[in-house]
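These notes concern the structure reproduced below.
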Amino acid sequence: MRSDGCGTLRTDDAGRRVALCGWVARRREHGEHLAFVDLRDRSGIVQCVVDGASDLRSEYVVRVVGTVRVRPEGTDNPDLATGEVEVGDCTVEVLNRAEPPPFPVTDRVDADETLRLRHRYVDLRRGRMQRNLEVRAAVNAALRAAMERHGFLEVETPLLWVPTPEGAREFVIPSRLQQGCFYVLPQSPQLAKQLLMVGGLDRYYQIARCLRDEDLRADRQFEFTQLDLEASFVGQDDVLDVVSEAVLDATEAVVGERPKAMPRLAWGDAMERFGSDKPDLRAGPELVELDRVFAGSGFRAFAGAACIKGLRVPGQGDLGRNRLDALVEAAKGLGAKGLVWLRVGEEGALESPVAKFLSDEERAGVLAATAGRPGDLVLVVADERDVAQTVLGQLRLDLGRPPVSEGPYRFCWVVDFPLFEGLEADGRPIPAHHAFTMPHPDDLELLASDPLAVRSQSYDLVLNGWELGSGSIRIHRADVQARIFATLGISEEEAKARFGFLLGAFRYGAPPHGGFAVGLDRLVAILAGEDNIREVIAFPKTQSGVDPLTGAPAPVAPRLLADLGIRVLPPEG
RNA sequence: GGUCCCGUGGUGCAGUUUGGAGUGCACGCCGCCCUGUCAAGGCGGAGGUCGCGAGUUCAAAUCUCGUCGGGACCGCCA
């Protein structure tokens with residue numbers, strides 16, 4: 001039916017008779033006997049010169065047979081990849097007519113989100129969406145290639161899984177054959193892949209769909225895709241190395257160059273330096289420690305504070321009082337007792353409502369510690385350590401963070417997470433990752449005495465402030481697992497009830513193993529220059545979880561519910 | 001569950017602060033003209049429940065309340 005893609009034609013093709021199929025992107029009529037028709041397919045756009053186009057309209061589907069020729073002198077179009085050629089002597093066959101599209105099929109204007117999704121099949125014709133899905137496919141292919149190269153075996157795992165009490169809210173699937181019982185859709189293949197390790201598959205990977213019934217965000221959809229992997233007889237560095245290579249391969253495949261650095265940050269250092277466990281390395285200066293500078297300060301807000309941290313905001317010394325007051329309010333909203341701001345003036349003079357409470361040494365110390373220069377703004381928070389960190393970390397992003405989709409690509413690993421993230425009201429620790437995460441070998445002795453100080457062998461991959469994925473080395477030995485359960489206050493019976501089938505499997509020879517999962521939608525979005533993952537998903541849902549194209553979710557026939565033994569309650573109120 | 005922004009011919013916007021006739025801009029659509037354009041150009045035309053519902057008012061796109069839809073965020077996402 002066709003010989004070439006519209007966007008592939010070049011001067012080399014001049015003289016060739018070609019058959020092209022595509023959509024009418026635009027037509028420019030110059031009277032009865034000359035018209036230019038821009039023909040579009042996935043490969044791009046090419047100009048066809050036809051003898052009258054009055055029977056053609058936008059988005060008509062046509063087949064054009066014509067001869068490629070170099071454009072006449074002075075009429076080439078440098079904005080078009082095919083701009084040096086055109087297709088002449090055309091015969092045009094209309095394969096299908098089309099109503100005018102509900103919104104323009106162009107990257108120039110952004111249409112209403114509902115309209116785009118209701119007519120996604122039109123939206124997908126736009127160059128932006130086609131490029132994004134091509135990026136997605138390229139990332140997919142690069143990741144697969146890397147995993148295959150390292151001997152990982154692709155294995156599929158069930159979508160109909162068993163409810164588990166931990167973690168995200170699950171999508172529930174009623175069973176027809178076992179009325180009153182339910183499957184759930186997996187929030188990740190976590191337990192399945194650990195069973196594969198017990199099963200001796202050694203190295204597993206899967207481009208896996210994961211489902212979580214939680215509220216949607218710019219970086220979260222109900223269903224999302226992960227490069228999921230797990231390997232036996234590995235340590236943390238082995239996992240980090242193979243994931244780094246795969247992700248850098250994918251990045252190189254899309255942007256053409258390979259980010260050189262993939263630094264590893266200890267979680268504690270990330271919190272100290274960036275006030276975040278998913279630091280955006282692009283967002284300006286790091287937080288600095290000011291405890292020493294203000295040790296013994298006469299300023300009441302600083303004296304006796306558990307921690308004093310500062311942040312330099314380059315060039316923002318000219319922020320007005322309204323903005324500065326708003327910053328103080330924002331800091332309080334984030335949990336800080338207060339926020340001190342200082343403008344750095346000429347000669348390093350500090351202008352601030354609290355400047356008069358500070359000694360000369362303190363003022364000089366702040367400038368030296370933050371490297372503040374004239375025109376800068378310096379923010380200081382004195383509070384509990386975690387509060388000072390996270391508040392300044394958030395302000396750092398608010399004041400200095402480029403859009404996530406804006407390069408460069410600054411990957412980093414965050415390692416040495418705490419095993420527990422806090423204490424329940426009754427004093428039991430709360431696992432930060434999941435109950436099967438291996439503690440750091442050096443910290444095993446602290447489990448009973450100081451559980452919150454125990455580090456884990458879990459790790460996150462971060463790109464430009466987005467968490468791209470996480471993983472851990474898992475516990476494979478019953479005695480360590482028992483100690484963790486004891487620390488968590490989980491009895492033997494309870495453990496059996498909640499995780500029975502996994503613990504059962506571990507009795508029959510579980511190898512040491514660990515793994516990772518890379519969030520594909522987020523990676524692709526950033527590499528495609530998008531700040532919303534809907535733009536890299538062919539058929540996403542709106543923020544309220546609706547698909548305007550299909551109308552999902554929708555009621556089902558009463559007969560179907562009857563088969564399932566389900567009765568729907570009337571709406572409340 | 002909560003906070004904020006948006007909703008105006010097919011599309012994207014302005015108009016809303018300070019109420020006074022559905023006013024405007026660009027694109028698209030329809031018709032005519034036009035032989036080198038490329039976001040073609042010229043002339044003419046059609047197209048509106050100002051998301052929906054109450055309220056205030058002599059008068060509401062504009063003010064108030066509610067509601068629906070979209071988006072960003074908090075909670076939530078081990």
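Hydrogens, waters and symmetry mates are skipped; everything else that's a heavy atom, side chains included, is used. Throughout, a chain's letter reflects where its sequence line sits, starting with A, and its residues are numbered from 1.
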(request) Sticking with atom C1', work out how far C74(B) lies from G66(B), rounded to a whole angstrom. (result) 24 Å
(request) For residues 23-36 of chain A, pull every pair meeting salt bridge (Lys or Arg N to Asp or Glu O under 4.0 Å), keeping only residues two or more places apart or in separate chains. (result) Arg27(A)-Glu29(A), Arg28(A)-Asp38(A)
(request) Using the P atom as the reference point in each nucleotide, state the distance between C30(B) and G47(B) in Å, no decimals. (result) 16 Å
(request) Check every strand shown and say whether Glu113(A) touches a base, only sugar-phosphate, or nothing at a heavy-atom separation below 4.0 Å. (result) sugar-phosphate
(request) Using a heavy-atom cut-off of under 4.0 Å over every strand shown, decide if Arg169(A) touches base, sugar-phosphate, or nothing. (result) nothing
(request) Give a yes-or-no answer on whether the side chains of Gln457(A) and Gln236(A) include a donor-acceptor pair shorter than 3.5 Å. (result) no
(request) Sort and list the pairs that fulfil ring-ring contact (aromatic ring centres under 6.0 Å, His included) and have at least one residue in residues 36-57 of chain A, not counting sequence neighbours. (result) His30(A)-Phe36(A)
(request) Examine distances only and state if a side-chain atom of Asp13(A) and a backbone atom of Arg10(A) form a donor-acceptor pair shorter than 3.5 Å. (result) yes
(message) Can you tell me the base-pairing partner of U3(B)? Count Watson-Crick or G-U wobble geometry only, both distances below 3.5 Å, and say none if there is no partner.
(response) A72(B)
(request) State the pairing partner of G44(B); accept Watson-Crick or G-U wobble contacts with both distances under 3.5 Å, and report none otherwise. (result) C30(B)
(request) For Leu397(A) and C73(B), give me the distance from atom CG to atom C1', rounded to whole Å. (result) 14 Å
(message) Both Glu421(A) and Asp531(A) contact RNA chain B. Which one's nearest nucleotide lies toward the 5' end?
(response) Asp531(A)
(message) With a cut-off of less than 4.0 Å, is there a side-chain N or O of Arg534(A) near OP1 or OP2 of G71(B)?
(response) yes
Output a table of donor-acceptor pairs, distance under 3.5 Å, between side-chain atoms of residues 513-524 of chain A and any protein atom two or more places apart or on a different chain; print 'none' if there are none.
from	atom 1	to	atom 2	distance (Å)
His513(A)	ND1	Pro511(A)	O	2.8
His513(A)	NE2	Gln194(A)	NE2	3.1
Asp521(A)	OD1	Thr225(A)	N	2.8
Asp521(A)	OD2	Arg136(A)	NH1	3.1
Asp521(A)	OD2	Arg136(A)	NH2	3.0
Arg522(A)	NE	Asp219(A)	O	3.0
Arg522(A)	NH1	Glu467(A)	O	2.7
Arg522(A)	NH2	Asp219(A)	O	3.3

(request) Please give the nucleotide sitting opposite G24(B) as a Watson-Crick or G-U wobble pair, both distances under 3.5 Å, or none. (result) C13(B)
(request) Would you mind telling me which of C76(B), A39(B), A40(B) lies closest to the side-chain atoms of Arg28(A)? (result) A40(B)
(request) Check whether any side-chain N or O of Gln187(A) sits under 4.0 Å from OP1 or OP2 of C77(B), and answer yes or no. (result) no
(request) Taking salt bridge (Lys or Arg N to Asp or Glu O under 4.0 Å) as the test, write out the residues that go with Arg534(A), two or more places apart. (result) Glu113(A)
(request) Confirm from the modelled atom types if Arg217(A) and G71(B) form a donor-acceptor pair under 3.5 Å, side chain to base only. (result) no
(message) With a cut-off of less than 4.0 Å, is there a side-chain N or O of Thr542(A) near OP1 or OP2 of G70(B)?
(response) yes
(message) Does Arg220(A) contact C77(B) through a side-chain donor or acceptor facing the base, at a distance under 3.5 Å?
(response) yes
(message) Going by purine N1 to pyrimidine N3 plus the second Watson-Crick contact, or the G-U wobble pair, all under 3.5 Å, which nucleotide sits opposite G36(B)?
(response) none
(request) Write out all pairs satisfying side-chain hydrogen bond (donor to acceptor under 3.5 Å, both in side chains) with one or both partners inside residues 72-82 of chain A, taking only residues at least two apart or from two chains. (result) none
(message) Distance check needed: G69(B) C1' versus Lys541(A) NZ, whole Å only.
(response) 17 Å
Can you give me every donor-acceptor pair (side chain of residues 394-402 of chain A, partner residue at least two apart or in another chain, under 3.5 Å) with its distance?
from	atom 1	to	atom 2	distance (Å)
Gln394(A)	NE2	Asp398(A)	OD1	3.0
Arg396(A)	NE	Pro285(A)	O	2.9
Arg396(A)	NH1	Asp280(A)	O	3.2
Arg396(A)	NH2	Asp280(A)	O	2.9
Arg396(A)	NH2	Gly284(A)	O	3.3
Arg401(A)	NE	Asp280(A)	OD2	3.0
Arg401(A)	NH2	Asn464(A)	O	3.0

(request) Can you sort out which residues in residues 453-476 of chain A have a heavy atom within less than 4.0 Å of RNA chain B? Ascending by number, please. (result) none
(message) Please report the distance separating the C1' of G1(B) from the corresponding atom of C76(B), rounded so that it comes out in whole Å.
(response) 10 Å
(message) By the 4.0 Å heavy-atom rule, please label Arg116(A) as base, sugar-phosphate, or nothing.
(response) nothing
(request) Sequence neighbours left out, what passes side-chain contact (heavy atoms from CB on, under 4.5 Å) with Ser276(A)? Give chain and number order. (result) Lys278(A)
Between the protein and nucleotides 5-11 of chain B, are there any N/O to N/O pairs under 3.5 Å, and if so, what are the atom names and distances?
from	atom 1	to	atom 2	distance (Å)
G10(B)	O2'	Pro102(A)	O	3.3

(message) Taking the C1' atom in each of U8(B) and G24(B), what is the distance between them to the nearest angstrom?
(response) 12 Å
(message) I need the CD-C1' distance between Glu99(A) and G28(B), as an integer number of Å.
(response) 14 Å
(message) Going by side-chain hydrogen bond (donor to acceptor under 3.5 Å, both in side chains), name the pairs with one or both residues in residues 328-337 of chain A, residues two or more places apart or in two chains.
(response) Lys337(A)-Asp383(A)
(message) If I take atom CZ in residue Arg26(A) and atom P in nucleotide G41(B), what distance separates them, rounded to the nearest angstrom?
(response) 11 Å
(request) Any strand is fair game: report the nucleotide pairing with U67(B) by Watson-Crick or G-U wobble, both distances under 3.5 Å, or none. (result) G51(B)
(request) Could you say whether Asp219(A) or Pro548(A) is positioned toward the 5' end of RNA chain B, judged by the nucleotide with the nearest heavy atom to each? (result) Pro548(A)
(request) Quote, to the nearest angstrom, the P distance that separates U18(B) from G55(B). (result) 24 Å
(message) Surrounding CZ of Arg323(A) (heavy atoms of other residues, nucleotides or ligands, distance under 6.0 Å), is the total greater than 12?
(response) no
(message) Between Asp110(A) and Arg116(A), does any side-chain N to carboxylate O distance fall below 4.0 Å?
(response) yes
(request) With P as the reference atom in both, quote the distance from U16(B) to U64(B) in angstrom, rounded to an integer. (result) 14 Å
(request) Scan nucleotides 31-36 of chain B nucleotide by nucleotide, 5' to 3', and note B when protein non-hydrogen atoms come under 4.0 Å of the base, S if they reach only the sugar-phosphate, - if neither. (result) S--BSB
(message) Strictly by salt bridge (Lys or Arg N to Asp or Glu O under 4.0 Å), give each pair with a member in residues 482-497 of chain A just once, sequence neighbours left out.
(response) Glu494(A)-Arg498(A)
(message) Among G70(B), G75(B), A72(B), which nucleotide has an atom closest to any side-chain atom of Asp215(A)?
(response) G75(B)
(request) Could you measure between the two P atoms, the one in U67(B) and the one in G15(B), and give it in whole Å? (result) 27 Å
(request) Counting heavy atoms from C-beta on, name the nucleotide in C77(B), G70(B), A72(B) closest to the side chain of Ser544(A). (result) G70(B)
(request) Using atom types as modelled and distance alone, determine if a side-chain donor or acceptor of Ser43(A) lies under 3.5 Å from a backbone N or O of Cys6(A). (result) yes
(request) Have a look at Ala432(A) and say if it touches a base, only the backbone sugar-phosphate, or nothing, with a 4.0 Å heavy-atom cut-off. (result) sugar-phosphate
(message) Please report the distance separating the P of G2(B) from the corresponding atom of U56(B), rounded so that it comes out in whole Å.
(response) 27 Å
(request) If G19(B) has a Watson-Crick or G-U wobble mate with both distances under 3.5 Å, name it; if not, just say none. (result) none
(request) Would you mind checking if Arg131(A) and Asp107(A) are paired as a salt bridge, meaning a charged N to carboxylate O distance below 4.0 Å? (result) yes
